[in-house]
Amino acid sequence: MTHDARVDLYPTRGTAELTTPRQDPVIWSAPGAPGPVAAQDLQGFERDGFLTVDQLITPDEVAVYRAELDRLIADPAVRADERSIIEPKSQQVRSVFEVHRISEVFARLVADERVVGRARQILGSDVYVHQSRINVKPGFGASGFYWHSDFETWHAEDGLPRMRAVSVSIALTENHDTNGGLMIMPGSHKSFLGCAGETPRDNYKKSLRMQDAGTPSDEALTKMAGRHGIKLFTGRAGSATWFDCNCMHGSGDNITPYPRSNVFIVFNSVENAAEEPFAAPARRPEFIGARDFTPVR
């Protein structure tokens, strides 16, 4: 099928914002399918678009992953790698992408059944890693991420056709209510907000530092916040938040002395493999939007 012949269920990056009702399930597995997520939690995920796990990994495991994060961001070779994103103001490492390929330690975490098992259960199939990264949000001025739906970008720029992806953010430091934590609008995953404006070539080089293309208008965000409210996630190191690919979410700057670091993994169904971009002149690099659809084992 050619690019022009495809049916685009979620139009975006046009002349105006456009809201489209969700065309896909939220929970793809059959009712009662086995997995680590309890039925009540699956119902909450269906309703709200997210679920939290108070302790996904143990304190001892947190220490191992924190040490590996510190090792990676201190490594000059990692800093020089194109997969590392540098904070514009402080010139510190902000994110390291494709971390499960750079680090055997994080590769084991991705394949941990506590992690990938939940993804399989939610998505109803084998899964592959569409994206992985560590986020380093040090104190005293680390910038946040503006409101956005990940699926809007992954659809427009990576070519994911359907809403059949799920993200997990695993805290490696305590998430206070003051240090730039994740915010989600509960229930916002049930409708897709197509953003206005064309996608510039090589947009990822700017968007990974400061989102522009694919950013909702203030008017649309005000309406969504009024309809859904805003949930701020806090929790100790080792806790995790799972959220649907189409949740409207963001995070504020961290001006406190307390760092906020996490591992972020995106699982996509092997039945939803990336195609050509739906609203961008070219694919993003594979370290941002994977083209290796090998299932996680």
Side-chain angles (χ1 to χ4, degrees), residues 56-58 60-88 90-120 126-138 142-143 145 150 153-154 157-158 160 165-173 182 202-210 237-238 240-242 245 251 254 259-268 270 273-274 283-297:
L56 183 69
I57 58 176
T58 67
D60 287 345
E61 290 172 311
V62 168
V64 171
Y65 296 122
R66 276 285 302 279
E68 180 69 353
L69 180 149
D70 291 342
R71 183 190 72 81
L72 289 171
I73 64 174
D75 186 338
V78 172
R79 180 186 174 88
D81 194 296
E82 67 172 344
R83 292 172 287 189
S84 292
I85 308 303
I86 307 302
E87 188 79 39
S90 68
Q91 290 299 297
Q92 293 179 305
V93 174
R94 174 190 179 119
S95 302
V96 179
F97 279 78
E98 214 172 45
V99 72
H100 71 297
R101 295 195 183 279
I102 294 174
S103 163
E104 292 184 5
V105 174
F106 285 114
R108 290 195 296 271
L109 178 62
V110 165
D112 190 308
E113 193 59 29
R114 292 170 294 178
V115 178
V116 70
R118 285 176 166 85
R120 293 192 192 106
D126 278 335
V127 297
Y128 70 92
V129 177
H130 177 69
Q131 185 185 103
S132 74
R133 65 179 188 261
I134 47 174
N135 291 324
V136 186
K137 207 170 190 180
S143 54
F145 291 91
D150 286 330
T153 298
W154 300 338
E157 301 185 35
D158 296 339
L160 295 197
V166 65
S167 301
V168 59
S169 175
I170 304 171
L172 299 183
T173 54
L182 174 69
D202 290 340
N203 178 56
Y204 75 94
K205 293 180 179 178
K206 179 181 179 183
S207 67
L208 295 180
R209 293 171 173 84
M210 190 62 67
T241 302
W242 292 84
C245 60
S251 63
N254 182 13
R260 176 181 169 260
S261 299
N262 67 295
V263 188
F264 183 77
I265 308 162
V266 180
F267 294 101
N268 188 37
V270 296
R283 301 174 180 176
R284 299 194 299 174
E286 290 196 27
F287 70 84
I288 304 171
R291 297 282 160 172
D292 179 352
F293 310 131
T294 305
V296 176
R297 298 296 186 201

Min side-chain heavy-atom separation [X]-[Y] under 4.5 Å:
{"X": "E61", "Y": "R66", "answer": "no"}
{"X": "H100", "Y": "I265", "answer": "no"}
{"X": "V129", "Y": "V296", "answer": "yes"}
{"X": "R291", "Y": "R283", "answer": "yes"}
{"X": "V270", "Y": "F293", "answer": "no"}
{"X": "F264", "Y": "S132", "answer": "no"}
{"X": "V110", "Y": "V116", "answer": "no"}
{"X": "P138", "Y": "Q92", "answer": "yes"}

Within 45° of the six-membered ring axis of F97 and under 6.0 Å from that ring's centre, is NZ or CZ of R83 located there?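 Pair R83/F97 does not count as cation-pi.
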
Output, in order, the C-alpha distance, side-chain angles, deciding distance and verdict of side chain to side chain donor-acceptor pair (under 3.5 Å) for S251 and R260. CA-CA 11 Å; S251 63; R260 176 181 169 260; 4.7 Å; no

Minimum heavy-atom distance between P295 and D126, given as atom pair plus value: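 Of all heavy-atom pairs spanning P295 and D126, the closest is CB-CB, 4.0 Å.
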
Heavy-atom closest pair, residues V115 and W242: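 Closest approach of V115 to W242: O-CH2, 2.9 Å.
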
State whether a side-chain donor-acceptor pair under 3.5 Å links D292 with T294.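 Looking only at side-chain atoms, T294 and D292 do form a donor-acceptor pair, the distance falling under 3.5 Å.
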
Could you give the distance from [atom1] ([X]) to [atom2] ([Y]), rounded to the nearest 0.5 Å?
{"X": "E98", "Y": "Q131", "atom1": "CD", "atom2": "CD", "answer": "10.0 Å"}
{"X": "I170", "Y": "I134", "atom1": "CD1", "atom2": "CD1", "answer": "12.5 Å"}
{"X": "L109", "Y": "E104", "atom1": "CG", "atom2": "CD", "answer": "14.0 Å"}
{"X": "N203", "Y": "R284", "atom1": "CG", "atom2": "CZ", "answer": "8.5 Å"}
{"X": "E68", "Y": "I73", "atom1": "CD", "atom2": "CD1", "answer": "11.0 Å"}
{"X": "D158", "Y": "Y204", "atom1": "CG", "atom2": "OH", "answer": "12.0 Å"}

Evaluate side chain to side chain contact (heavy atoms under 4.5 Å, CB included) for V168 paired with R118, printing each intermediate quantity in order. CA-CA 10 Å; V168 59; R118 285 176 166 85; over 6 Å; no

Mark yes or no for whether [X], through its side chain, and [Y], through its backbone, hold a donor-acceptor pair below 3.5 Å.
{"X": "T173", "Y": "S261", "result": "yes"}
{"X": "S167", "Y": "V266", "result": "no"}
{"X": "R79", "Y": "D75", "result": "no"}
{"X": "N254", "Y": "K137", "result": "yes"}

Criterion side chain to side chain contact (heavy atoms under 4.5 Å, CB included) on V105 and V64, from CA distance to verdict: CA-CA 8 Å; V105 174; V64 171; 4.1 Å; yes

Can you check side chain to side chain contact (heavy atoms under 4.5 Å, CB included) on S103 and L72, steps first, answer last? CA-CA 8 Å; S103 163; L72 289 171; 4.2 Å; yes

Determine, step by step, whether Y128 and F267 satisfy the ring pair (Phe, Tyr, Trp, His ring centres under 6.0 Å) criterion, reporting the C-alpha distance in whole Å, the side-chain angles of both residues, the deciding distance to 0.1 Å, and the verdict. CA-CA 6 Å; Y128 70 92; F267 294 101; 9.4 Å; no

Run R133 and N135 through side chain to side chain donor-acceptor pair (under 3.5 Å) and show every step you take. CA-CA 6 Å; R133 65 179 188 261; N135 291 324; 2.9 Å; yes

By ring-ring contact (aromatic ring centres under 6.0 Å, His included) - contacts of W154 (at least two apart):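 Here the qualifying residues are H130.
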
Is it the case that more than 12 heavy atoms not belonging to E113 sit under 6.0 Å from its CD atom?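 Counting other residues, nucleotides and ligands, CD of E113 exceeds 12 neighbours.
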
Could you go through the side chain to side chain contact (heavy atoms under 4.5 Å, CB included) check for N262 and L172 one step at a time? CA-CA 5 Å; N262 67 295; L172 299 183; 5.5 Å; no

